[in-house]
J.: 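Pasting in a structure now, in structure tokens, and then I'll have a few things to ask.
Just so it is clear, the values below take in all heavy atoms, side chains as well, and ignore hydrogens, waters and symmetry mates. Model, not experiment: these values are computed from the prediction. Numbers restart at 1 for each chain; the letters A, B, ... are given by sequence-line order, proteins then strands.
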There are 2 protein chains.
Amino acid sequence: MSSAGVSRTEQKERTRRAILDAALTLAEDGGLAALSLRQVAKEIGIVPTAFYRHFASIDELGLSLVTEAFDALRALLRDARAIPEETDSEWDLAVSIADKSIDAVVAHARQSDRQLRFIARERLAGPAAVRDAVRHQLELVERELATDLAHLPFTRAWSASDLAVLSNLLVNAMLSHVEELSRATSAADTRRIADTARRQLHIVLVGALRWDSSK
Amino acid sequence: MSSAGVSRTEQKERTRRAILDAALTLAEDGGLAALSLRQVAKEIGIVPTAFYRHFASIDELGLSLVTEAFDALRALLRDARAIPEETDSEWDLAVSIADKSIDAVVAHARQSDRQLRFIARERLAGPAAVRDAVRHQLELVERELATDLAHLPFTRAWSASDLAVLSNLLVNAMLSHVEELSRATSAADTRRIADTARRQLHIVLVGALRWDSSK
DNA sequence: TTCTTCGGTGAACGGCTGTTCACCGAAACT
DNA sequence: AGTTTCGGTGAACAGCCGTTCACCGAAGAA
């Protein structure tokens with residue numbers, strides 16, 4: 001065990017977190033499928049077999065990582081969804097939403113980048129079970145976002161499928177932005193990438209404002 | 001060797017292609033980093049050591065796959081770029097471009113889906129060398145697309161950075177569409193997904209038509 | 001026909017993989 | 001104080017990994 005003065009349950013939770021944490025970091029090279037239990041164990045200073053005191057198998061670790069990653073993604077969306085302000089025009093409202101959303105993406109990309117990039121990565125490269133779990137959760141997230149979008153003034157006349165289409169576009173774009181932000185090497189870099197993301201979101205929202213579901 | 005009546009150089013090329021082909025397929029589970037030389041060898045019916053008659057190492061195979069994948073992506077863009085028609089309005093032009101592009105994406109996703117998804121996957125999950133190569137090639141592709149976009153009428157007043165922003169958005173969206181198309185399980189499914197892609201592209205182009213770089 | 005080239009073979013290397021088991025020692029419960 | 005619980009240990013398992021080497025046999029060149 002590591003340090004003294006902590007209860008056994010607390011120490012167990014501490015080790016569990018260390019495993020999840022190390023796995024999230026080590027999976028950045030080559031994806032979860034290329035991660036080994038022994039790498040994780042070595043990284044956090046336990047013997048490989050101790051891993052099984054916390055997870056029944058490597059697959060179970062993968063699914064726990066999915067849960068943790070989506071906690072982070074939902075937290076991001078909760079922040080981005082913060083009540084839209086009163087504005088003079090639909091366009092001002094859209095700009096306000098876009099800016100708030102980009103701020104939320106930048107903030108959460110900073111503190112949860114490994115979790116968010118885990119989603120983008122394992123949705124394409126994960127072991128089958130993880131890939132399917134990620135895709136399923138992403139579908140749910142897209143549906144939630146679609147119902148939020150439905151409450152905005154400019155989507156009043158939109159069909160459900162158009163809302164789903166826009167939601168899908170926004171979620172994919174957001175994950176791309178997180179990825180690009182993670183590669184920033186300076187504060188100026190971060191601002192530049194955030195500005196790109198903002199402009200893309202503006203373009204999309206301009207398009208959405210002019211959209212007509214009946215067309 | 002397999003069959004008779006073929007020259008040695010031809011047979012060598014045939015085996016090389018079989019290696020690339022099997023690697024592309026096997027990498028769909030877990031990504032390139034989780035691919036093993038021995039899986040590939042077993043798949044195509046050669047002994048593991050014969051692999052080295054074609055590639056100096058596994059890393060070199062990865063880089064060859066990058067080359068092949070980007071041949072497919074550039075072919076897609078070449079088709080999508082087909083000379084824009086004469087139209088009555090900017091909007092009709094945009095619709096025409098969008099529809100042609102989506103048709104090209106659907107067609108190439110059908111025949112080169114493993115190559116195109118390789119790009120989307122390994123850009124996030126590949127071994128460092130492959131990841132870097134994919135990102136570098138994607139940057140080049142985005143730059144090429146940006147110069148193409150610059151020739152469209154509605155981008156006449158656009159700044160270079162706005163062109164890059166739109167190009168980045170379009171390339172990312174395209175890779176997302178390829179991924180979704182690959183999961184289609186029926187012709188109707190494909191049409192539904194293609195329609196989603198088309199609507200997203202329409203939204204973006206509506207936004208782009210109204211865009212003002214000086215804002 | 002003789003000689004060379006070369007793609008494929010099979011054994012072998014050291015090392016890494018996930019998982020199992022019996023065991024230890026300290027925390028927690030009675 | 002005695003007993004149970006349980007996270008971490010170390011050995012062991014069968015199996016896969018990338019790469020090397022000497023070798024074979026047929027295609028191609030002389």
J.: Are A/Asp195 and A/Arg199 within salt-bridge range, i.e. N to O under 4.0 Å?
T.: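 Here A/Asp195 pairs with A/Arg199 in a salt bridge, since their nearest N and O are under 4.0 Å apart.
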J.: Within this structure, what is the CD1-to-C1' distance between A/Ile19 and D/dG8, rounded to whole angstrom?
T.: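 Answer to the nearest Å: 11 Å.
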J.: What is the distance, to the nearest angstrom, from the CG atom on B/Leu61 to the C1' atom on D/dT19?
T.: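 Value for this atom pair: 15 Å.
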J.: For residues A/His177 and A/Gln200, is any side-chain donor paired with an opposing acceptor at under 3.5 Å?
T.: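 A/Gln200 and A/His177 do have a side-chain donor-acceptor pair below 3.5 Å.
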J.: If every non-hydrogen atom of A/Leu166 is compared with every non-hydrogen atom of B/Ile203, which pair is closest and at what distance?
T.: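 Looking at all heavy atoms of both residues, the closest pair is CD1-CD1, 4.4 Å.
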J.: Starting from the C-alpha separation in whole Å, work towards a yes-or-no answer on salt bridge (Lys or Arg N to Asp or Glu O under 4.0 Å) for B/Asp29 and A/Arg131.
T.: CA-CA 10 Å; B/Asp29 285 343; A/Arg131 219 171 44 205; 3.7 Å; yes
J.: Rounded to the nearest angstrom, tell me the gap between atom CZ in B/Phe55 and atom C1' in C/dG7.
T.: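 Result: 14 Å.
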J.: Would you please say whether a donor-acceptor pair under 3.5 Å links the side chains of B/Asn168 and A/Glu180?
T.: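 B/Asn168 vs A/Glu180: donor-acceptor pair found between side chains.
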J.: Please state how far atom CG in B/Leu26 lies from atom C1' in D/dC17, giving the value in whole angstrom units.
T.: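 That distance rounds to 15 Å.
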J.: Between C/dT9 atom P and B/Lys42 atom NZ, what is the distance in whole Å?
T.: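 So the NZ-P distance, B/Lys42 to C/dT9, works out to 14 Å.
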J.: Verify, without hydrogens or angle tests, whether A/Glu122 (side chain) and A/Val130 (backbone) share a donor-acceptor contact under 3.5 angstrom.
T.: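 Between the backbone of A/Val130 and the side chain of A/Glu122 there is no qualifying donor-acceptor contact (under 3.5 Å).
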J.: Show me the protein contacts with nucleotides 28-30 of chain D, counting only N or O atoms at under 3.5 Å.
T.:
| unit_1 | atom_1 | unit_2 | atom_2 | d |
| --- | --- | --- | --- | --- |
| D/dG28 | OP1 | B/Arg8 | N | 3.1 |

J.: Ignoring hydrogens and angles, state whether a donor on the side chain of B/Gln11 or B/Arg16 is under 3.5 Å from an acceptor on the partner side chain.
T.: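 There is no such pair (donor and acceptor under 3.5 Å, judged by atom type) between the side chains of B/Gln11 and B/Arg16.
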J.: Any N/O pairs under 3.5 Å between the protein and nucleotides 14-19 of chain C? List them or say none.
T.:
| unit_1 | atom_1 | unit_2 | atom_2 | d |
| --- | --- | --- | --- | --- |
| C/dT17 | OP1 | A/Ser36 | OG | 2.4 |
| C/dG18 | OP1 | A/Leu37 | N | 2.8 |
| C/dG18 | OP2 | A/Leu37 | N | 3.1 |
| C/dG18 | OP2 | A/Arg38 | N | 3.4 |
| C/dG18 | N7 | A/Arg38 | NH1 | 2.3 |
| C/dG18 | O6 | A/Arg38 | NH1 | 3.1 |
| C/dT19 | OP2 | A/Tyr52 | OH | 2.7 |
| C/dT19 | OP2 | A/Ile58 | N | 3.4 |
| C/dT19 | O5' | A/Tyr52 | OH | 3.0 |

J.: Would you please test B/Arg114 and B/Glu28 for salt bridge (Lys or Arg N to Asp or Glu O under 4.0 Å) and show each step?
T.: CA-CA 8 Å; B/Arg114 291 173 310 160; B/Glu28 306 213 295; 5.7 Å; no
J.: If I take atom CD in residue A/Gln11 and atom P in nucleotide C/dG25, what distance separates them, rounded to the nearest angstrom?
T.: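 After rounding, the gap between these two atoms is 19 Å.
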J.: Report yes or no: do A/Ser101 and A/Arg81 form a side-chain donor-acceptor pair below 3.5 Å?
T.: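 Result is no, nothing qualifies.
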J.: Expressed in angstrom and rounded to an integer, what is the separation of B/Glu10 atom CD from C/dG7 atom P?
T.: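 Taking CD of B/Glu10 and P of C/dG7, I get 14 Å after rounding.
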J.: Send over the distance from B/Glu13 CD to C/dG7 C1', rounded to a whole Å.
T.: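 My rounded result for the distance is 14 Å.
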